[in-house]
Number of protein chains: 2
Amino acid sequence: MRKPTIKDVARRARVSLKTVSRVINNEPGVLERTRAKVLRAVAELNYQPDQSARSLRSAKSYALGLVYDNPNPYYVISLQSGVLSVCRETGYGLQIHPCNSTSPRLAEELSALVRNARLAGLVLAPPMSERRELIEHLAADNIAFVRIISAAEDPRDGHPCVFVDDRDAAYDITEHLIQLGHTRIGFLWGGESHRSSPERFKGYEAALKDYAIAPDKKLIVPGDYSFDDGFRGARKLFALKDRPTAIFGSNDEIAAGVLAAAKAAGMDVPWDLSIAGFEDSPFSKQSWPALTTAKQATEEIARHATLLLLATLEHSDDAPHGNKGFSPQLVIRDSTARVRVPPSGN
Amino acid sequence: MRKPTIKDVARRARVSLKTVSRVINNEPGVLERTRAKVLRAVAELNYQPDQSARSLRSAKSYALGLVYDNPNPYYVISLQSGVLSVCRETGYGLQIHPCNSTSPRLAEELSALVRNARLAGLVLAPPMSERRELIEHLAADNIAFVRIISAAEDPRDGHPCVFVDDRDAAYDITEHLIQLGHTRIGFLWGGESHRSSPERFKGYEAALKDYAIAPDKKLIVPGDYSFDDGFRGARKLFALKDRPTAIFGSNDEIAAGVLAAAKAAGMDVPWDLSIAGFEDSPFSKQSWPALTTAKQATEEIARHATLLLLATLEHSDDAPHGNKGFSPQLVIRDSTARVRVPPSGN
DNA sequence: GTATTTGTTGACAACGTTGTCATCAATTTG
DNA sequence: CAAATTGATGACAACGTTGTCAACAAATAC
């Protein structure tokens, strides 16, 4: 009742070890008749190659690492399912590595991890994917990776990546609010450590500019990607003399915080205040009212990144190809409405 | 710049391969002086043993599998962090395996997985942990595992587990509602596939019984652990002639659905309707009003389960010991309040 | 018809580690 | 003081696979 080995298969199919190995790895140069014989033996014995032996011998590996530092469970789970779906198709295993992006020895840690656990490559999610030194260190150590980053276009820096155009989507959201008649639109920043934060802000700024709305620094509040910062930020904005009629939170959690603050202040959303988020996490659908937001196809982004990583592994020689951009889509729900009292000016 | 091997260490420390191996694995019978010499060489070369070679040779393994089938990201993430925290302390890797608990060939799949990826053992989360045949199959295949299950007490069935007393916690929630004066308390079931569902229902039933409140079948609605079922279930209850004054949703997502339905129906929670959930997921704090719920220490539960698994791996001969029970704690927030119109009867 | 190429297969070593057993010195026993 | 035991170390094989290269038959070229 011992686990069958390649030897058992070879004996059963009356061929050599190497021939079985060739069949398993889909190498060319095996007669169709022989291949069939081997495959039959494999099936009969329910043989499955041993990953340890395989990666020991071939110095190749059959597991990927997914590296992230993100407190948002919805995002992380989507990321994981995207990567996992490719892993399942290709037979790779997946090791997950939540980590602390501010750790100074992160690059060494990741290098050691990859070498030690024989990972074939890494999928780096933000903000790890945006640390220049980290990327260079990994590249210098000859470690395969792919990045998911926030950028308006392909950085063309020689390292493979999938880029998400947060700026463009933030522009759309701001434009949507403007078209509803809002001119005083509050902006709540996400964390400093994610590049998506300034990208989203740039989108907000650009839309205001295009519609000739003068930006007001008082409406722009720093903070992190958290519910609590959304709550606090909203209270700051409510305390202004000239309150905003709409608030754009840099992600859904912030927006949920704004929503809670609005309700706590007795406001009726969206009539007293329009609120928009970013991400399309499940609770944006489940809050009341449901949040207008930008839908990030995180799972598909992760899928594409993983496929790109595998492609890179196979042609490690040539330049990265297949970098791809994604743009989150505006999803209009019930938390945004036409401004009630149109501004007097203009 | 090649990865150093045990050979390099041996050469540098001027000892044999085997002695280095002994030091690495903390085996006895090495002179302190020799050990120090080896450790120095290890440090100088920054040597790390190769897991593939290790597990190939020793048939031991340095990775665990985490098996779950749960759509709730918060739960899954907590589970993962609990297991990961132990993995980091002990040097194990972690492979995650979300799967479909209804797949008929699940047992075979998991067996194959463990043997193939050389996993040392599995942490089984509900509902996988509650499938009798699955457990027996794995045990028969000599696969190490630990279960996280919903039960009021240690099942003492010879297989290691950590048990969570959902019944007790559901009793507390129901009692809390009763003490607020509610007698018509709706109950929304979770999924049939999780044993926690009937356990929570039993707690609800028991509390009603202890307070001599006759159960009303119309107030009990089947469903799954989802927002949508909460929404639909609530609408059913609202349509009753004699509406409930409180609703207990089997988890926070259901409760969030109830909350949305209540708001859609123009109700003022908690004054028009008290709502309680179960789980203490982050959005129970972030909804408006914040949800009364029962706090599950999922991360700690997962931690303990993993430690138990590792203990089992080391003494695979003797009976499981260290099975442990957890009881979720009542968390009272703002979604439950004293009933407004006390019932006329009694 | 011989020499060369092409295609298919197998023998063998190697990957980096640990288990088994042998070796040898130091210690204890009779 | 010889014999037996203990303790520290090393030589070597083995884990299950794949890479290298050789062997051989069949097909093609001269």
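Fair warning: this is a prediction, and the values are worked out from it, not measured in the lab. Proteins come first, then strands; the chains are lettered A, B, ... in the order of their sequence lines, and each starts at number 1.
Across B:Thr306, B:Leu122, B:Val123, a single residue satisfies side-chain contact (heavy atoms from CB on, under 4.5 Å) together with B:Val146, and that is B:Val123. Under the side-chain contact (heavy atoms from CB on, under 4.5 Å) test applied with B:Leu64, the options B:Val86, B:Leu309, B:Leu119 reduce to a single match, B:Leu309.
Mapping B:Leu56 and B:Leu17 onto DNA chain D by nearest heavy atom places B:Leu17 at the nucleotide closer to the 5' end. The nearest heavy atom of DNA chain D to B:Arg57 and to B:Lys18 marks one nucleotide each, and the one closer to the 5' end goes with B:Lys18. If B:Ser58 and B:Arg22 are placed on DNA chain C by their nearest nucleotide, the residue sitting closer to the 5' end is B:Ser58.
If you check residues 25-40 of chain A against DNA chain C, the residues with a heavy atom closer than 4.0 Å are A:Gly29, A:Val30, A:Leu31, A:Thr34, listed by number. Sorted by residue number, the members of residues 6-15 of chain B with any non-hydrogen atom under 4.0 Å from DNA chain C read B:Ile6.
Between B:Tyr92 and B:Tyr62, the ring planes lie tilted relative to each other; the angle falls in the 30° to 60° range.
We find that B:Glu299 and B:Arg303 are not joined by a salt bridge, their nearest charged nitrogen and carboxylate oxygen being 4.0 Å or further apart. Comment: B:Arg35 does not engage B:Glu27 in a salt bridge, judged by the lack of any side-chain N to carboxylate O separation of less than 4.0 angstrom. Remark: B:Asp8 does not engage B:Lys3 in a salt bridge, criterion side-chain N to carboxylate O under 4.0 Å. A salt bridge links A:Asp157 to A:Arg147: at least one charged side-chain nitrogen sits closer than 4.0 Å to a carboxylate oxygen.
With hydrogens and angles left out, the side-chain atoms of A:Ser61 and A:Ser55 include no donor and acceptor closer than 3.5 Å. With hydrogens and angles left out, the side-chain atoms of B:Tyr68 and B:Gln80 include a donor and acceptor closer than 3.5 Å. Side-chain contact annotation: B:Thr19 with B:Ser16, donor-acceptor N/O pair under 3.5 Å present.
Applying the 4.0 Å criterion to OP1 and OP2 of C:dA11, one finds that A:Ser16 has every side-chain N and O outside that range.
Around atom CD of B:Glu44, more than 12 heavy atoms belonging to other residues, nucleotides or ligands sit under 6.0 Å away.
When heavy atoms are screened at a 4.0 angstrom cut-off, A:Tyr62 is found touching no nucleic acid atom at all.
Along DNA chain D, the stretch of nucleotides lying under 4.0 Å from any heavy atom of chain B spans, 5' to 3', D:dA8 to D:dG16.
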